[in-house]
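Ligands are counted one by one from 1 in listed order, and the atoms in each one are counted from 1 as well.
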Amino acid sequence: MIQDPNTYKLLTPGPLTASLTVREEMLVDRCTWDSDYKEMTQEIRAGLLELAHVSAKDYTAVLMQGSGTFGVESVLSSVPGADDTVLVLVNGAYTERMCLMLERHKIACERLDFPWDRIPDAETVAVYLKAHPEVTIVSMVHNETTTGLLNDIASVAKVVKAAGKTFIVDAMSSFGAVDIDVGALGIDFIISSANKCIQGVPGFSFIIARRSALEASRGHARTLSLDLYDQWKTMEKDGGKWRYTSPTHVVAAFHRAMQELKAEGGIAARGARYARCNKKMRDGMKALGFEAYISEEHQGPIITTFFYPQNAKFTFASMYDYLKSHGYVIYPGKLTERDTFRLGNIGEIYEEDVDRVLELFAQYLKEVENA
Ligand SMILES: *Cc1c(COP(=O)(O)O)cnc(C)c1O
């Protein structure tokens, strides 16, 4: 069957295939200062704290317009003061991007590089921090969507907190599917967005912040629109009112998506579904001869990077077109040194989908062989 080109499923890690009911929430136009709408924002903020296992006494949630990158930049440009130095633990494109942001804002920053198929090692971080007392803030990514690698934030958190530093985590593509005890780990700022594991649609990011750390950042922001402290103060003062126009349709869809996460069984159930699909995909692709970039030990549950097959007739474009014409859209790779492509499995993707996708890859390979 040839698929309607507008109804394919996304094997991309955001935007992702959202449920019909999440998308239906967007059929209503809502007023930004209406109390029902503001209540929706407040429920989202409270729900996020619950997912992070933190209390409203110690932590708060701030929603920020824009995609995930805007949330990361909001934190990195609002938190460090004039005397702070940020250490970025680089092992993928998203930590490279953090460095670019800090440079753009002329914030003192240092980087500690790790191979992109390896997790940042806590011992190395501890040694670095001891030798570099000027560092006051450490920033890293949890699930590196560039490669599919799941970093170990717990071991790093331990050494960062032992050294008394502020800890920032980009948990964009893990929050909601990988359980993170934000309070126990001592994370000060954790960032994710509407269109990742909570399965909403793109349009805003969110930041869960330790209240004391957020309070201490007052007056540090280098931009107006991404001022995290100001955004928070407005939401607090006005019971869920956003500064400037908020993406009302996206907020309503996200509100619904949070209910659907709970209905699925919460983080544990969603994480288990992702992990099952991811393993099935990895194993099935391996059987077809596709080699994964990340070792099984460090493979995260939401996306896998595969090397191109050793087949002279293979092209990414022909594979992409074949899959798209049969209802699935895949993702190009993001490595510079070797040709890769990526298969995500977040969103409304189930084991039946993985079976179907594996069948399509097998058929595609056969067609390439016979071409
Ligand atoms: C998706 C993602 C981002 C943000 O990307 P946007 O395209 O701005 O939404 C940042 N970090 C990680 C790890 C991500 O997966």
Side-chain angles (χ1 to χ4, degrees), residues 10-18 62-77 86 88-102 104 111 114 116-120 138-153 156 167-178 180 182 187 189-208 223 225-226 228 247 250-251 253-254 257 270-271 274 278 293-294 298-305 329-335 340 342-347 349:
L10 296 165
L11 300 178
T12 60
L16 42 73
T17 299
V62 189
L63 314 186
M64 183 63 73
Q65 292 94 334
S67 77
T69 303
F70 292 66
V72 176
E73 185 153 11
S74 171
V75 171
L76 290 180
S77 64
V86 184
V88 183
L89 309 181
V90 179
N91 71 332
Y94 291 104
T95 31
E96 288 280 2
R97 192 178 291 175
M98 285 180 180
C99 295
L100 287 178
M101 289 171 185
L102 292 163
R104 197 62 65 95
R111 53 186 290 161
F114 297 87
W116 285 23
D117 59 351
R118 294 285 186 77
I119 62 171
V138 177
S139 187
M140 73 183 290
V141 161
H142 188 200
N143 190 76
E144 230 329 325
T145 321
T146 321
T147 53
L149 179 84
L150 186 64
N151 286 327
D152 176 14
I153 49 173
V156 176
F167 192 31
I168 298 172
V169 176
D170 166 353
M172 208 67 66
S173 65
S174 55
F175 192 84
V178 179
I180 306 168
V182 173
I187 297 170
F189 298 90
I190 188 163
I191 308 138
S192 185
S193 77
N195 61 286
K196 297 274 167 111
C197 300
I198 298 177
Q199 297 188 181
V201 302
F204 73 88
S205 55
F206 56 85
I207 296 106
I208 297 162
T223 73
S225 55
L226 294 177
L228 183 64
V250 178
V251 170
F254 189 75
R270 179 153 299 172
Y274 286 0
N278 184 272
Y293 173 65
I294 298 294
H298 296 311
Q299 173 66 54
I302 75 121
I303 188 169
T304 311
T305 298
V329 158
I330 65 170
Y331 221 37
K334 216 172 178 168
L335 295 180
T340 54
R342 291 177 292 170
L343 297 180
N345 54 272
I346 58 175
I349 300 294

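In this structure, Glu144 does not count as a contact residue of ligand 1, since none of its heavy atoms falls inside 4.0 Å of the ligand. Contact between Val72 and ligand 1 is absent, with no heavy atom of the residue lying under 4.0 Å from the ligand.
Closest non-hydrogen pair, Leu228 versus Ser74, comes out as CB-OG, 3.6 Å. Residues Ala93 and Lys334 approach most closely at CB-CE, 4.0 Å, considering heavy atoms.
In terms of protein heavy-atom proximity, atom 11 (N) of ligand 1 is nearest to Asp170 OD2, 2.6 Å. For atom 2 (C) of ligand 1, the closest non-hydrogen atom of the protein is Lys196 NZ, 2.5 Å.
One side chain, Ser173 or Thr145, offers a donor N or O that lies under 3.5 Å from an acceptor on the other.
Listed by number with element, the atoms of ligand 1 under 4.0 angstrom from any heavy atom of Ser67 are 6 (P), 8 (O), 9 (O). With ligand atoms numbered from 1 in the order given, ligand 1 contributes 15 (O) to contacts under 4.0 Å with heavy atoms of Ser173. The ligand atoms of ligand 1 that sit less than 4.0 angstrom from a heavy atom of Thr69 are 4 (C), 5 (O), 6 (P), 8 (O). When each atom of ligand 1 is checked for a heavy atom of Gly68 under 4.0 Å away, the hits are 4 (C), 6 (P), 8 (O), 9 (O).
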What verdict does the salt bridge (Lys or Arg N to Asp or Glu O under 4.0 Å) test give for Arg97 and Glu73, after you've listed the backbone C-alpha separation in whole Å, the side-chain angles of each residue and the deciding distance to 0.1 Å?
CA-CA 9 Å; Arg97 192 178 291 175; Glu73 185 153 11; over 6 Å; no
CA sep, side-chain torsions, deciding dist, call: Thr304, Asn278, side chain to side chain contact (heavy atoms under 4.5 Å, CB included): CA-CA 7 Å; Thr304 311; Asn278 184 272; 3.0 Å; yes
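Phe254 and Phe204 have perpendicular rings, their planes meeting at more than 60° on a 0 to 90° scale where under 30° would count as parallel.
At under 3.5 Å, not a single nitrogen or oxygen of Ser193, backbone or side chain, sits near a nitrogen or oxygen of ligand 1.
The proximity of His142 to ligand 1, defined as any non-hydrogen pair under 4.0 Å, does not occur for either the backbone or the side chain.
With rounding to the nearest 0.5 angstrom, the CD1 atom of Ile119 is 10.5 Å from the CD1 atom of Ile294. Here Thr147 contributes atom OG1 and Arg342 contributes atom CZ; the two are 8.5 Å apart, rounded to the nearest 0.5 Å.
Counting heavy atoms only, Thr145 comes closest to atom 15 (O) of ligand 1 of the residues Val169, Thr145, Asn143, Thr95.
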